[in-house]
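All remarks here apply to the structure that follows.
Quick caveat: nothing in here was measured; it's all calculated off a predicted structure. The basis for the numbers below is simple: all heavy atoms, side chains too, and nothing from hydrogens, waters or symmetry mates.
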Amino acid sequence: MKKIHIYLTVIGLFVGATSCDSGFEDVNKNPVLATTSDPAYLFSNAQFSSALATFHYQSEIVQQINTPYTGVLEGGNHNIVFDPNSNANFNAMYIGTATGSGPVNLLGTVLRLTKDNPLRANIYQMSRIWKAYVFMVLVDTYGDVPYFDAAKGYSDGINLPKYDDQKLIYDDILKELDEATKALDATKSIESGDLFYKGNIAQWKKLGNSLLLRAAMRYTKIDEAKAKTYVAKAIDPANGGVMTANTDNALIAFNSTFNSPNANFFQGTERGNVYLGKPFVDYLKTTGDPRSKVIAVKYELPANPIATAGKEDTDPASQQGAPYGYNESTISTEPNFPGKSGSAFKYSQINRRTLGKIDAPEFFVTYAQTQLLLAEAAQRGYITGDAKTYYEAGVRAHMNQMAQYDASAAIPTASQDAYLTANPFAAATALNQINTQYWIASFLNGSEAWANFRRSGFPALTKNPYPGADPSVKDFIRRLVYPVLEKSVNTANYNAAVARQGPDELGTHIFWDK
């Protein structure tokens with residue numbers, strides 16, 4: 001593999017993306033010209049490149065996805081010491097698919113180009129908000145990361161940036177989200193190239209505040225006073241408040257030209273390796289969840305499961321998740337082994353007609369997640385309002401969100417009513433219920449599902465029993481390890497980070513995960 005410094009901000013050739021009625025427009029731009037003419041191309045590309053094909057690693061940790069094959073996505077599945085997939089978020093966020101095309105570098109360039117330009121005030125604030133999202137993912141995944149010196153290779157000659165204390169990064173994230181959201185101004189230039197909302201300022205305010213709510217709730221274990229303070233800022237209607245409908249969801253809507261980065265796992269060469277995890281399927285079945293029918297499917301696979309999907313069985317009663325603790329050789333010994341069809345196992349997989357489509361959207365921040373966080377905030381006494389009302393709104397929001405994958409995946413209101421009646425909100429188990437629903441609502445958003453699981457402790461999962469697990473992992477993986485290249489190239493800064501936060505191991509906790 002060719003060695004490169006991962007923070008160079010010399011912008012490499014990339015395909016810029018901008019919004020249009022059909023989704024994306026293929027815009028080949030001279031990269032230098034793009035940095036001197038219209039930062040909108042860089043900003044939309046930063047949004048687009050934030051969509052990661054890394055859901056599977058974190059989703060395996062929280063037992064939504066299972067790949068029971070030796071050497072396939074092994075770190076998340078088996079708690080093994082190291083796997084190259086653990087580099088994926090780090091590399092994708094900083095360098096992207098080409099030097100300089102990751103969102104950290106792209107947003108850094110947009111911020112430099114627009115900071116002192118009053119005509120681009122809104123894209124400057126939008127970039128501050130989205131940079132906060134990107135670094136929440138990075139800190140939640142690795143702990144200390146380069147932040148204040150990141151993306152300064154081209155502008156300041158900092159090619160080996162120092163790692164910053166994760167607590168200080170989060171403090172700045174809170175500040176940036178608060179200030180940038182307040183500074184958005186609908187009377188100023190509207191950035192129609194924005195892939196989320198075409199520059200709609202009211203929706204960007206809701207996104208900024210919903211992210212502020214998410215960041216604030218990370219402090220529930222370590223600083224409830226800070227959590228309460230920033231939750232109050234987030235929900236303040238004078239500053240636009242948080243998301244109020246699924247139309248506010250921040251997502252990338254892929255199409256037949258620009259495929260979902262997850263398409264290979266559901267439609268391509270990896271599709272015979274990816275199954276739904278047993279705890280996830282069991283919970284949907286036990287509670288009679290109507291989402292099961294549009295999420296899970298059993299395929300009666302032919303001899304070549306890669307060539308065709310085979311007969312579909314979406315009956316919830318038929319679904320069977322793949323249990324943890326096995327590989328492809330030992331899984332046939334599990335008591336309820338369903339057998340094989342061709343070369344694939346007969347465990348449930350993601351429905352390729354709905355969530356598994358090549359043009360399935362990728363969600364970053366949603367109305368459903370936001371309502372469930374408000375439910376927890378109400379239950380904890382951080383805000384006024386009825387936790388049950390927020391909880392039910394969150395559940396319904398995610399059920400309605402299914403239609404954003406495909407019209408056929410819509411959950412009827414009657415089915416939603418029946419589910420909430422059969423599974424009523426109970427104050428005594430509220431935190432468990434709320435955060436288990438957050439786990440479901442964050443399905444395919446692996447980074448957020450994993451972060452909230454570590455923060456809340458719910459759902460109550462059992463440790464993966466796979467033999468030979470990393471000895472640093474006492475229960476579940478708490479962070480991912482840094483890329484090997486960082487240790488060999490950015491050695492001094494890497495060593496300082498490890499000395500400050502603890503060993504570069506899967507069992508080391510993030511600061512808010514205490």
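One finds a salt bridge joining Arg218 and Asp140 here, because a Lys/Arg side-chain nitrogen approaches an Asp/Glu carboxylate oxygen to under 4.0 Å. Using a cutoff of 4.0 Å between basic side-chain nitrogens and carboxylate oxygens, Glu376 and Arg455 are scored as salt-bridged. Electrostatic pairing of Asp194 and Lys198 does not count as a salt bridge here, judged by no charged N lying under 4.0 Å from a carboxylate O.
When only modelled atom types and interatomic distance are considered, Gln369 and Arg214 share a side-chain donor-acceptor pair under 3.5 Å. For Asp282 and Thr286, the side-chain atoms include no donor-acceptor pair closer than 3.5 Å. Between the side chains of Gln379 and Tyr390, not a single donor N or O lies within less than 3.5 Å of an accepting N or O.
With hydrogens and angles disregarded, no donor-acceptor distance shorter than 3.5 Å links the side chain of Tyr275 to the backbone of Ile65. The backbone N or O of Asp185 lies less than 3.5 Å from a partner atom in the side chain of Asn122, making a donor-acceptor pair. Side chain of Ser442 to main chain of Trp439: no donor-acceptor pair is present (N/O by atom type, distance under 3.5 Å, no hydrogens or angles).
Shown here are the salt bridge (Lys or Arg N to Asp or Glu O under 4.0 Å) partners of Asp313, two or more places apart in sequence or in another chain: there are none. Residues satisfying the side chain to side chain contact (heavy atoms under 4.5 Å, CB included) test with Lys233, not counting sequence neighbours, are Asp178, Lys182, Leu212, Thr229, Tyr230. Evaluation of the side chain to side chain contact (heavy atoms under 4.5 Å, CB included) rule for Ser292 yields Leu284, Ala296, Pro316, Gln319 as partners, not counting sequence neighbours. For Arg291, the side-chain hydrogen bond (donor to acceptor under 3.5 Å, both in side chains) criterion is met by Asp289, His398, Gln437, not counting sequence neighbours. With sequence neighbours excluded, no residue satisfies salt bridge (Lys or Arg N to Asp or Glu O under 4.0 Å) with Asp223. When the side chain to side chain contact (heavy atoms under 4.5 Å, CB included) test is applied to Glu334, the partners found at least two apart in sequence or on another chain are Gln320, Pro323, Tyr326, Ile331, Asn336, Phe337, Pro338, Tyr347. Residues forming a side chain to side chain contact (heavy atoms under 4.5 Å, CB included) with Lys388 (at least two apart in sequence, or on another chain): Asp386, Glu392, Phe425. A search for side-chain hydrogen bond (donor to acceptor under 3.5 Å, both in side chains) contacts involving Lys131 returns nothing, not counting sequence neighbours. For the side-chain hydrogen bond (donor to acceptor under 3.5 Å, both in side chains) test, no residue two or more places apart in sequence or in another chain qualifies with Thr413. By the side-chain hydrogen bond (donor to acceptor under 3.5 Å, both in side chains) test, Lys357 is found to be paired with Asp406, residues two or more places apart in sequence or in another chain being considered. Applying the ring pair (Phe, Tyr, Trp, His ring centres under 6.0 Å) test to Tyr405 and every residue at least two apart in sequence or in another chain returns Phe363.
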What side-chain donor-acceptor pairs closer than 3.5 Å can you find for residues 241-251, not counting sequence neighbours?
residue: Thr244; atom: OG1; partner: Lys206; partner atom: NZ; Å: 3.0
residue: Thr244; atom: OG1; partner: Asp248; partner atom: OD2; Å: 3.2
residue: Asn246; atom: OD1; partner: Asn249; partner atom: ND2; Å: 3.2
residue: Asn246; atom: ND2; partner: Ala397; partner atom: O; Å: 3.0
residue: Asp248; atom: OD1; partner: Gln203; partner atom: NE2; Å: 3.2
residue: Asp248; atom: OD2; partner: Lys206; partner atom: NZ; Å: 3.4
residue: Asp248; atom: OD2; partner: Thr244; partner atom: N; Å: 2.9
residue: Asp248; atom: OD2; partner: Ala245; partner atom: N; Å: 3.3
residue: Asn249; atom: OD1; partner: Tyr367; partner atom: N; Å: 2.7
residue: Asn249; atom: ND2; partner: Asn246; partner atom: O; Å: 3.2
residue: Asn249; atom: ND2; partner: Gln404; partner atom: OE1; Å: 2.8

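Aromatic pair Tyr324/Tyr466: centroids not less than 6.0 angstrom apart. Taking the six-membered ring wherever Trp is involved, the centroid distance between the rings of Phe458 and Phe453 does not fall below 6.0 Å.
When the shell of 6.0 Å around CZ of Arg380 is examined, it contains more than 12 heavy atoms from other residues, nucleotides or ligands. A 6.0 Å sphere centred on NZ of Lys226 holds more than 12 heavy atoms belonging to other residues, nucleotides or ligands.
Considering every non-hydrogen atom in both Ala360 and Ser260, the closest pair reads O-CB, 3.6 Å. The shortest heavy-atom contact between Pro290 and Ile411 is O-CD1, 3.6 Å.
For the pair Arg128 and Trp130, the cation-pi test (distance below 6.0 Å, angle within 45°) is failed.
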side-chain hydrogen bond (donor to acceptor under 3.5 Å, both in side chains) between Thr67 and Glu60, worked out: CA-CA 8 Å; Thr67 56; Glu60 290 207 49; 2.8 Å; yes
